[in-house]
Trainee: 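Before I ask anything, let me first share the structure, which is written out below as structure tokens.
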Amino acid sequence: METKQHHAVLFPFMAKGHIIPLLHFAHLLLRRRIHVTFVTTPGTRSFVADHLAGHPSSDVVTIPFPQLGILPPGVESSDKLPSMSLFPPFAMSTKLMQPDFDRALVTLHATRPVDFLVSDGFLGWTLESANKFGIPRLVFYGMSCYASCICKAVGDGNLLAGADLADDDPVTLPEFPWIQVTRNEIEPPFSDPEPKGPYFDFHISCFVSSANSFGLIVNGCYEMEPFFVDHWNRHALPKAWCVGPFCLAEPDNMSSSSNVTNGPIVVQPNNKAPAWWMKWLDRKLEQGVPILYVAFGSQAEISSDQVKEIARGLEDSGVSFLWVIKDHDLELGEDRFEDRGVVVREWVDQREILTHPSVQGFMSHCGLNSTMEAISAGVPILAWPMMAEQPLNARMVAEEIKVGLRVETCDGSVKGFVTRVGLSKMVKELMEGERGKEARKRTKEYGEITRKAMEEGAGSSWRNLGLLIDEICGRKEA
Ligand SMILES: O=c1ccn([C@@H]2O[C@H](COP(=O)(O)OP(=O)(O)O[C@H]3O[C@H](CO)[C@@H](O)[C@H](O)[C@H]3O)[C@@H](O)[C@H]2O)c(=O)[nH]1
């Protein structure tokens, strides 16, 4: 007997670090035979469509990105902003998409009733849209429960209120006395002694919408942070559902499936020629040379002085490396690395790199996606957080689950400059030292845990997603 195919609408915030995990999540839903409509803007449509690979149970719907005078025309993804100082107006301008989104939802709902909406935490206004149609909303913030619990503890306790608190003074969290944070580790406006202003109000309205949503989906598994998941679910709303790591979602390449229950499944062959850096990694594997992968996500801003110092530090370390940089023009004199290190100035398939057997370490800014991709590949991290909640992810990595080490800054501040000496010392420690060895062992253990969690049928994340779908779709049908 055929069962009704459920329909989910997914609407990420316009940033690669937010779109990518929801694309992976889309594949998790497609594997459950749920029809997915992915909402995005025209400028990111092809990126989204490529990832969904024309899956017949998926659609891509675009709505225009609002054009505000303050933002450069044509920028529809925060990683394309010329400066992250434009992030607040970029994020706030998404509110102007509501009328178009509402119209899109009317059509979608009339054509194929929507069972639930998954939308980004930054798109708080989508709760109101969903409520108009009685559609339950799941929120995705792209944060671990560890980081969410710390942010909540800091906010609820007003812990950074003291005007005389210096930026690097440690503050102990009463709820988690083994954790200390500094003002420099919390993103403005929340690090201000008295947070206020339109961007603060914007976030507060997003938090309120989030708390009033059906649930929070977490890009991680319960076993990675059980204490913090339980803490969140006892003291905060909405309920957190650990259904990841999303990067372990296998694409469901169905070529034909209008009849979703019994449709033939044809796996499309991967005809892509390997990128030159993957061939380089293969060669290094044959030579038995371990590689440090160096990358800082899609939107980190690093000064050219700092980039040049990274080059010197990598050179001094004697370690072999593959370094992806966003700055296409900066002159680094790469020839001096000879065959020991390569610099890639293109978009790479990061997961493909991290799962290559020659990659034995990852110097990372600790965006949550990169963190989860490294852990699930069993690659230990050299944490160098740059912005957003990355300092908290770095704490989780180095102190809580101990799957990595941290770079040393010249003044001990999380925002401090990293010299060639500090960098090469920690690179060597990660790749060759005892602490690196210990972190590698623990990362492999956590990698195994994450893979088990995602196992079809038995894994905790797999089962959680099943329970969530039953609950949310059941509610709709009741
Ligand atoms: O050449 C590249 C560069 C990046 N990526 C991918 O892009 C994503 C980047 O995400 P992430 O590592 O989380 O970094 P950001 O882009 O910086 O992510 C933003 O979004 C994350 C999720 O909310 C937050 O944790 C970060 O702090 C925030 O900066 C990852 O999946 C990478 O694999 C590639 O595949 N190829």
Side-chain angles (χ1 to χ4, degrees), residues 12-27 44 47-48 50-51 77-81 84 87-88 90-91 118-123 139-148 150-151 185-188 190 203 206 210 216-220 244-249 272 275 277-278 293-302 322-328 342-356 359 362-377 379 381 383-397 404 414:
F13 178 70
M14 297 83 208
K16 291 282 188 323
H18 291 235
I19 295 173
I20 291 171
L22 278 196
L23 281 166
H24 290 148
F25 185 69
H27 282 289
T44 45
F47 183 80
V48 166
D50 281 356
H51 276 75
S77 182
S78 64
D79 44 281
K80 297 272 179 351
L81 286 169
M84 284 319 266
F87 188 84
F90 180 87
V118 182
S119 61
D120 201 282
F122 287 157
L123 309 177
V139 60
F140 173 62
Y141 252 111
M143 278 173 61
S144 63
C145 281
Y146 175 85
S148 300
I150 292 180
C151 290
E185 289 172 286
I186 303 293
E187 186 79 351
F190 301 101
H203 279 296
C206 290
S210 177
L216 172 73
I217 56 165
V218 179
N219 183 3
F246 299 166
C247 62
L248 290 179
K272 211 173 50 151
W277 52 89
M278 294 309 296
Y293 171 52
V294 182
F296 304 105
S298 67
Q299 57 186 28
E301 281 179 323
I302 311 177
L322 189 162
W323 180 12
V324 177
I325 65 171
K326 264 182 70 192
D327 192 328
H328 291 218
V342 288
V343 177
V344 180
R345 294 172 193 256
E346 296 168 50
W347 183 263
V348 298
D349 181 340
Q350 178 163 295
R351 207 172 117 63
E352 189 182 30
I353 292 176
L354 281 168
T355 51
H356 193 283
V359 173
F362 181 18
M363 179 151 60
S364 168
H365 70 314
C366 288
L368 187 65
N369 302 297
S370 291
T371 305
M372 296 314 301
E373 287 159 16
I375 294 172
S376 48
V379 175
I381 297 169
W384 185 350
M386 311 250 165
M387 55 176 282
E389 90 302 7
Q390 295 153 19
L392 307 179
N393 295 341
R395 276 200 183 273
M396 179 177 84
V397 160
V414 69

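Each residue takes its place number in the sequence, starting with 1. Ligands are counted one by one from 1 in listed order, and the atoms in each one are counted from 1 as well.
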Trainee: What part of Val348, side chain from CB on, backbone N/CA/C/O, both or neither, has a heavy atom under 4.0 Å from ligand 1?
Mentor: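 Within the 4.0 Å criterion, Val348 contacts ligand 1 through backbone and side-chain atoms alike.
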Trainee: Report, in ascending order of atom number, the atoms of ligand 1 lying under 4.0 Å from any heavy atom of Ala388.
Mentor: 27 (O)
Trainee: Among all protein heavy atoms, pick the one closest to atom 3 (C) of ligand 1 and tell me residue, atom and distance.
Mentor: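 Nearest protein contact, heavy atoms only, for atom 3 (C) of ligand 1 is Trp347 CZ3, 3.4 Å.
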Trainee: Strictly under 4.0 Å, does any heavy atom of His18 approach an atom of ligand 1?
Mentor: yes
Trainee: Are Val218 and Ser144 close enough that some pair of their side-chain heavy atoms sits under 4.5 Å apart?
Mentor: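 No, side chains not in contact.
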Trainee: So is there a nitrogen or oxygen of Gln299 less than 3.5 Å from a nitrogen or oxygen in ligand 1?
Mentor: yes
Trainee: Taking distance alone, with no angle check, do Leu368 and ligand 1 share an N/O pair under 3.5 Å?
Mentor: yes
Trainee: Over all heavy atoms of both residues, which pair between Cys247 and Arg351 is shortest? Give the atoms and the distance, please.
Mentor: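 That closest heavy-atom pairing would be O-NE, 3.1 Å.
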Trainee: When you look at Phe13 and Tyr141, which way does the ring pair (Phe, Tyr, Trp, His ring centres under 6.0 Å) test go after all the steps?
Mentor: CA-CA 9 Å; Phe13 178 70; Tyr141 252 111; over 10 Å; no
Trainee: I need the single residue from His365, Glu187, Arg395 that forms a side chain to side chain contact (heavy atoms under 4.5 Å, CB included) with Gln390. Which is it?
Mentor: His365
Trainee: Is there a ring pair (Phe, Tyr, Trp, His ring centres under 6.0 Å) between His356 and Tyr293 once you walk through the steps?
Mentor: CA-CA 10 Å; His356 193 283; Tyr293 171 52; over 10 Å; no
Trainee: Would you check if there is a donor-acceptor pair between the side chains of Glu373 and Asn369 at a distance under 3.5 Å?
Mentor: no
Trainee: Look at the rings of Phe122 and His18 and say which category their plane angle falls in: under 30° parallel, 30 to 60° tilted, over 60° perpendicular.
Mentor: parallel
Trainee: Taking atom 30 (C) of ligand 1 as the point of reference, which of Lys16, Lys326, Glu373 owns the nearest heavy atom?
Mentor: Glu373
Trainee: Identify the closest protein heavy atom to atom 27 (O) of ligand 1: which residue and atom is it, and at what distance?
Mentor: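 In this structure, atom 27 (O) of ligand 1 has Glu389 OE1, 2.7 Å as its nearest protein heavy atom.
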Trainee: Tell me the protein heavy atom at minimum distance from atom 29 (O) of ligand 1, and give that distance in Å.
Mentor: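 Nearest protein contact, heavy atoms only, for atom 29 (O) of ligand 1 is Gln390 NE2, 3.0 Å.
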Trainee: Return the option from Ser298, Gly367, Gly17, Pro21 holding the heavy atom at the smallest distance from atom 16 (O) of ligand 1.
Mentor: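 The residue whose heavy atom sits nearest atom 16 (O) of ligand 1 is Ser298.
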Trainee: Give the residue, atom name and distance (to 0.1 Å) of the protein heavy atom nearest atom 14 (O) of ligand 1.
Mentor: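 The closest heavy atom on the protein side is His365 NE2, 2.9 Å.
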Trainee: Using the ring centroid of each side chain, check whether Phe246 and His27 are separated by less than 6.0 Å.
Mentor: no
Trainee: Counting non-hydrogen protein atoms only, what is the nearest one to atom 6 (C) of ligand 1? Give residue, atom name and distance.
Mentor: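 Atom 6 (C) of ligand 1 sits closest to the protein heavy atom Ile20 CD1, 3.6 Å.
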Trainee: Starting from atom 12 (O) of ligand 1, what is the nearest protein heavy atom, named by residue and atom, and what distance separates them?
Mentor: Ser370 OG, 2.5 Å
Trainee: If you take all heavy atoms of Leu368 and Met143, which pair is closest and at what distance?
Mentor: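 For Leu368 versus Met143, the nearest heavy atoms are CD2-C, 3.7 Å.
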Trainee: Please list the nearest protein heavy atom to atom 10 (O) of ligand 1 with its residue and the distance rounded to 0.1 Å.
Mentor: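 So the nearest neighbour among protein heavy atoms is Asn369 ND2, 3.2 Å.
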Trainee: Output yes when Glu301 and Lys326 qualify as a salt bridge under the 4.0 Å nitrogen-oxygen rule, no when they do not.
Mentor: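 Between Lys326 and Glu301 there is no salt bridge, as every charged N stays at least 4.0 Å from the carboxylate O atoms.
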Trainee: Nearest non-hydrogen atom to atom 22 (C) of ligand 1 belongs to which of Pro12, Ala300, Gly142?
Mentor: Gly142
